[in-house]
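Data first, discussion second: the structure below is written as structure tokens.
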Amino acid sequence: MRLNKLITLCAFLSFAFSANAQKLRIAVAANAQFVSQKLAEEFKKETNVDADLIVSSSGKLTTQIEQGAPFDVFLSADMKYPQELADKNLTLEQPRIYAYGQLIMWMLNKSLKLSQPADLQQNAVNKIAIANPSLAPYGEATLQALGKLNLTDKLKGKIVYGESIAQVNQYLLSGAAEVAFTAKSIVLDPQQQGKGKWVPVNDKLYKPIAQGIVILKSSSGKNLESAQRFYTFLFGPKARKILKAYGYK
């Protein structure tokens, strides 16, 4: 009899441990990589819920979700991709804007005299890193800005594409490019501050980068409960303060 009770207790504890061990799975567009780490830390302080961040371009994450990736929440760099998922009935609700991102030019060489995109024509700049516009909204915004300034053809030979903002940043940090068009949130992260210099791109040159959130239908059970709590947290005062500190509007 005692043995049966012990077996039952072990089974219950094993189940309980398994349920609690499951982390919230948040798919994050690369521009929000660092701010999401900070958000996840604060979220854990409030809820004791751990989160795994899966970082990539919004386009690639969307494809993974369509193919059945077991994510709970999707933080996209725009509204287009989460809307596509909503239209395919893969989300619990319509996407909601949680912040607006800002585009910047980032360079490690502080002696480069760059104050506007037109300055990229100088000979000192050989390679310019831009995120793939077909996968990453910040890349799309970059080409919008260059197009309005009639610079696209003039800079064509210098442009190298990364599949995401994360890869664009890597191109810059590895020396493969002198300048990167990236998100303001990247250079405001404490780990990146002091690395080179950056200048903002006039936000009238590109469409507002409205970033969206959705809870995915693949979420269930305890994870769904955590996903709904994270959703509420993201629109609360603590998260708003963090987003503002990382340059989001």
Side-chain angles (χ1 to χ4, degrees), residues 26-43 51-61 73-82 95-108 114 117 128-133 135-145 162-173 177 179-214 230-231 233-249:
I26 305 176
V28 181
N31 79 88
Q33 175 182 2
F34 297 123
V35 71
S36 293
Q37 290 172 356
K38 184 65 177 176
L39 290 168
E41 290 172 8
E42 290 301 315
F43 180 64
D52 272 338
L53 304 180
I54 304 93
V55 179
S56 188
S57 66
S58 296
K60 288 194 72 172
L61 290 170
V73 178
F74 178 31
L75 297 179
S76 174
D78 67 0
M79 293 294 282
K80 178 181 72 175
Y81 289 115
R96 182 179 174 188
I97 297 171
Y98 74 89
Y100 287 89
Q102 296 184 67
L103 185 66
I104 65 159
M105 294 192 301
W106 187 20
M107 63 217 80
L108 294 184
L114 295 178
I128 304 163
I130 297 176
N132 184 341
L135 295 173
Y138 280 80
E140 187 178 0
T142 300
L143 292 191
Q144 289 169 3
E163 69 174 24
S164 69
I165 283 292
Q167 192 168 49
V168 164
N169 299 335
Q170 188 56 40
Y171 284 164
L172 180 80
L173 295 171
V179 181
F181 281 88
T182 188
K184 187 176 180 180
S185 61
I186 302 297
V187 296
L188 292 185
D189 180 75
Q191 294 183 26
Q192 310 303 324
Q193 288 184 13
K195 294 181 180 178
K197 64 179 183 179
W198 58 273
V199 294
V201 177
N202 186 338
D203 60 10
K204 294 181 180 176
L205 295 174
Y206 56 89
K207 295 178 182 177
I209 306 175
Q211 314 218 160
I213 178 175
V214 284
F230 181 79
Y231 187 97
F233 167 80
L234 190 62
F235 292 96
K238 284 188 179 178
R240 309 314 300 170
K241 186 176 179 180
I242 293 170
L243 287 164
K244 186 176 180 181
Y246 277 76
Y248 290 98
K249 295 181 178 177

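Treat the numbers as computed from the prediction; the structure is a model and nothing was measured.
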Problem set entry | Residues which pass ring pair (Phe, Tyr, Trp, His ring centres under 6.0 Å) with F230, listed by chain and number, not counting sequence neighbours | F43
For this session: Identify the heavy atoms of I54 and L61 that sit nearest to each other, and give their distance.
Result: O-CD2, 3.9 Å
Problem set entry | Euclidean distance, L243 CG relative to L234 CG, rounded to 0.5 Å | 6.0 Å
Exercise. So which heavy atom on E42 is nearest to which on I242, and how close?
Worked result: CG-CD1, 3.4 Å
Exercise. Residues two or more places apart in sequence or in another chain: which of them pass ring pair (Phe, Tyr, Trp, His ring centres under 6.0 Å) with Y98?
Worked result: none
Problem set entry | Set of residues satisfying side chain to side chain contact (heavy atoms under 4.5 Å, CB included) with respect to N202, sequence neighbours excluded | K204, L205
Exercise. To the nearest 0.5 Å, what is the distance between CE (M79) and OG (S58)?
Worked result: 12.0 Å
Exercise. Atom CG in L108, atom CG in L172: separation rounded to 0.5 Å?
Worked result: 4.0 Å
May I have the list of side-chain donor-acceptor pairs in residues 31-40 shorter than 3.5 Å, sequence neighbours left out?
| residue | atom | partner | partner atom | Å |
| --- | --- | --- | --- | --- |
| N31 | OD1 | Q211 | NE2 | 3.3 |
| N31 | OD1 | Y248 | OH | 2.7 |
| S36 | OG | A32 | O | 2.7 |

Problem set entry | K60 side, atom NZ; Y81 side, atom OH - distance, nearest 0.5 Å | 12.0 Å
Exercise. How would you list, by chain and number, every residue that makes a ring pair (Phe, Tyr, Trp, His ring centres under 6.0 Å) with F235, sequence neighbours excluded?
Worked result: Y231
Exercise. What are the two closest non-hydrogen atoms of P133 and L143, and how far apart are they?
Worked result: CG-CD1, 3.4 Å
Exercise. Is the closest side-chain heavy-atom distance between M105 and I128 below 4.5 Å?
Worked result: no
Problem set entry | Qualifying salt bridge (charged side-chain N to carboxylate O under 4.0 Å, His left out) pairs with a residue from residues 238-249, counting only residues at least two apart or across chains | E46-K238, D203-K249
For this session: List in chain and number order the residues that pass side chain to side chain contact (heavy atoms under 4.5 Å, CB included) with A129, two or more places apart in sequence or in another chain; answer none if no residue qualifies.
Result: V160, V168, Y171, A177, A180
Exercise. Excluding sequence neighbours, so at least two apart, what forms salt bridge (Lys or Arg N to Asp or Glu O under 4.0 Å) with E140?
Worked result: none
Exercise. Among pairs that include at least one residue of residues 182-197, which meet salt bridge (charged side-chain N to carboxylate O under 4.0 Å, His left out), considering only residues two or more places apart or in two chains?
Worked result: none
Problem set entry | Minimum-distance pair of heavy atoms, taken over all atoms of F181 and I130 | CD1-CG1, 4.0 Å
Exercise. Roughly how far, to the nearest 0.5 Å, is the CD1 atom of I165 from the OG1 atom of T142?
Worked result: 6.5 Å
Exercise. Can you find a heavy atom in the side chain of Y206 that is under 4.5 Å from one in the side chain of Q102?
Worked result: yes
Exercise. At what distance, to the nearest 0.5 angstrom, does CZ of F74 lie from CD1 of I26?
Worked result: 12.5 Å
Problem set entry | Exam field: side chain T182 to backbone N169, donor-acceptor pair closer than 3.5 Å | no
For this session: For residues I209 and A141, report the shortest heavy-atom separation together with the two atoms involved.
Result: CD1-CB, 3.9 Å
Exercise. Quick check: does any side chain N or O of E163 sit under 3.5 Å from a backbone N or O of S57, one acting as donor and the other as acceptor?
Worked result: no
Exercise. Closest heavy-atom contact between Y138 and G101?
Worked result: OH-CA, 3.1 Å
Problem set entry | Within-4.5 Å side-chain heavy-atom neighbours: P95 and S76 | no
